[in-house]
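First comes the structure, then the notes that go with it.
Just so you know, residue 1 is the first one in the sequence shown, and it goes up from there. Values below: all heavy atoms of this structure, side chains included; hydrogens, waters and symmetry mates excluded.
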Amino acid sequence: MKCNIGNTDRILRITVGAILIGLAAFGIAGPWAWIGIIPLVTGVFRICPAYNLLGINTAK
């Protein structure tokens with residue numbers, strides 16, 4: 001698949017995903033915070049399936 005996530009979007013996704021996973025791991029937030037896995041993985045691999053469906057591309 002072709003990369004469709006730019007650098008700013010990538011950094012934001014990884015940061016938010018890591019924070020949510022950390023909150024879930026330490027029991028600060030509920031189990032819903034494990035949803036942070038999704039932005040973390042999409043940020044690391046630079047591919048977002050939702051962006052493909054919507055025709056969005058933030059990569060240069």
Applying side-chain contact (heavy atoms from CB on, under 4.5 Å) to Ala59 and not counting sequence neighbours gives Cys3, Asn57
side-chain contact (heavy atoms from CB on, under 4.5 Å) filter on Val41, not counting sequence neighbours, yields Ile37, Phe45
For Leu12, the side-chain contact (heavy atoms from CB on, under 4.5 Å) test, sequence neighbours excluded, returns none
Worksheet item: Under 4.5 Å between side-chain heavy atoms, hopping through other hydrophobics if needed: is there a path connecting Tyr51 to Leu54?
Response: yes
On a heavy-atom basis, the closest approach of Gly17 and Pro39 is CA-CG, 4.0 Å
Here the side-chain hydrogen bond (donor to acceptor under 3.5 Å, both in side chains) pairs for residues 41-50, sequence neighbours left out, are Arg13-Thr42
### Query
Would you find more than 12 non-hydrogen atoms of other residues, nucleotides or ligands less than 6.0 Å from Ile35 atom CD1?
no
The side chain to side chain donor-acceptor pair (under 3.5 Å) partners of Thr15 (sequence neighbours excluded) come to none
For Ile14, the side-chain contact (heavy atoms from CB on, under 4.5 Å) test, sequence neighbours excluded, returns Arg10, Leu40, Val44
Residues joined to Leu53 in its hydrophobic cluster, side chain to side chain under 4.5 Å directly or through other members, sorted by chain and number, are none
Answer yes or no: is there a side-chain heavy-atom contact under 4.5 Å between Asn52 and Asn4?
yes
Residues joined to Ile28 in its hydrophobic cluster, side chain to side chain under 4.5 Å directly or through other members, sorted by chain and number, are Ile19, Leu23, Phe26
So salt bridge (Lys or Arg N to Asp or Glu O under 4.0 Å) across residues 47-60, not counting sequence neighbours, yields none
